[in-house]
Participant: 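Mind looking over this structure? Questions follow.
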Amino acid sequence: MKPERLLIIGLDSAAPACVFGPGAPRLPFLQGLAERGCHGRLRSCDPPITVPAWACMMSGKDPGALGIYGFRHRTGHAYDSEKIATSLDVLEKRVWNILADAGLRVALVGVPLTYPPPKLDGVRVIADFLVPDASAEFTHPPELKQELQRAIGDYQFDVENFRSESPQVLLDRLHALLENRFAAAKYLARSGQWDFLMMVDMGIDRVQHAFWKYCDPAHPAHEAGNPLANSIADFYRAADREAGELIAACPPGTAVMVVSDHGARAMHGGVCVNQWLINEGLLVLKDTPKAVVPFTPDLVDWTRTKAWASGGYYARVFLNIAGREPQGIVHSDEAPALLDDLTRRIESMQGPDGLPLGNRVLCPATIYNRLNGSPPDLMVYFGDLSWRAVGGVGYNDSILVTEHDTGPDGANHDMDGIFILDGPGAPRGELSGLTLYDIAPTILDLMGLPIPSDMIGTSVMTKGAA
Ligand SMILES: [Zn+2]
């Protein structure tokens, strides 16, 4: 049985333990949906990063097929070719292309990698948090911008400087951002001119990064009894209330899916990956920095450098390959042995207690079927994502730091996000083995459309309860 409409509520970084776990706050709307329908952990893509994860989820394609390996990605093999991905970098069809082709009406609010907004007939778009500012054309059709202004006032894209505000000010702004995002979604929901409505709120992700240490007694920087100890649980409760109101704003017969692109976990610190490559003799700078400085290509003596890395929630490691990089020195037939050696050295890295840090090393050439764009040669999850990758250099005391180059941040991403579906014909109970790649096929299945054979996942509608 096909639902009349499908609503998708995306909660960036919503974690299974915070929604389904025994210690989760009471979330009457989200947990009620899960009880009536089905739910489960939703494994993210590798890497479990907002960009590309939502684009993978909406296309049924992996980062290798999309050629997007993180927020910033190389656009060639020049040393300074990194740029921030936009919707124009997504060349594969996402579900709204297919739905629009079938004559269905789509509305999108804040879905990552929808700026600049796609210009498709029948698809109304309010673009994502990467909109540069309100003067940009961030809606499609363009007149939706004024319509939205009249309906809800100024539309907010993100909170600025989210790692540097005072905690209470930041928390208040994040709640305001949540209300604003849901106000836009409720406005479009009430318009009724849609068959598929999807919104993504970034608030839970921002709250977890900023407030995890206040809320998780197991975090190394946790202080018992601090006044922000319930800030994350309270934010989930606020998101739950907003989700309930959004569902109520939809016409009867609307199927509801709730998803996140990855989860979250405590972050214990950062691994200074370029400093480590220097210490290992693989990266050579022209001069030794006298203080900590961001890593920039002009610092490097490329004629003596075999590898360098970009930091972030995970590390992207690049070899300086002859004939590929402008001043490459690693011959391509030496690269496999160097990657093996580098992998062994990264995997044997020790934590502050002298025990293995538990690093995971992934090789894009192995894990993806296609390698479009300019992929890293290796991707590294330090401490299986409990440590981030710090790109800066000049860390002469230790490659492990608890403060890092982008300001305080207590959480990293984790592999598993959440999935909930309540609607006609949906399975019941807890499902296992779900991945983010199952979402696009499930959407098309729910909307009564064929699933392209090159999508990676399978429809949840065909899965039974665990
Ligand atoms: Zn995310």
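Any value given below was found using the heavy atoms of this structure, including those in side chains, with hydrogens, waters and symmetry copies removed. A quick note: this is a predicted structure, and the numbers were derived from the prediction, not measured. Counting starts at 1 for both ligands and their atoms, in listed order.
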Participant: Going by salt bridge (charged side-chain N to carboxylate O under 4.0 Å, His left out), name the residues that satisfy it together with Glu137, two or more places apart in sequence or in a different chain.
Facilitator: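 In terms of salt bridge (charged side-chain N to carboxylate O under 4.0 Å, His left out), with neighbours along the sequence ignored, Glu137 is linked to Lys119.
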Participant: Considering residues at least two apart in sequence or located in another chain, which fulfil the side chain to side chain donor-acceptor pair (under 3.5 Å) criterion with Asn359?
Facilitator: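 Counting only residues at least two positions away or on another chain, Asn359 forms no side chain to side chain donor-acceptor pair (under 3.5 Å).
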Participant: Any side-chain heavy atom of Val200 sitting closer than 4.5 Å to one from Val111?
Facilitator: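 Result yes, sub-4.5 Å side-chain heavy-atom pair found.
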Participant: Classify the ring geometry of Phe157 against Tyr155: parallel below 30°, tilted from 30° to 60°, perpendicular beyond 60°.
Facilitator: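 Rings of Phe157 and Tyr155: perpendicular, as their planes differ by over 60°.
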Participant: Taking the Zn ion (ligand 1) as the centre, count the protein N/O/S atoms lying under 2.8 Å from it.
Facilitator: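 For the Zn ion (ligand 1), the figure is 5.
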Participant: Heavy-atom count around Asn369 CG within 6.0 Å, excluding the residue itself: above 12?
Facilitator: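 12 or below, so no.
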Participant: Return a table of donor-acceptor pairs under 3.5 angstrom between the side chains of residues 64-72 and protein atoms on other chains or two or more places apart.
Facilitator:
from: Tyr69; atom 1: OH; to: Asn372; atom 2: O; distance (Å): 2.6

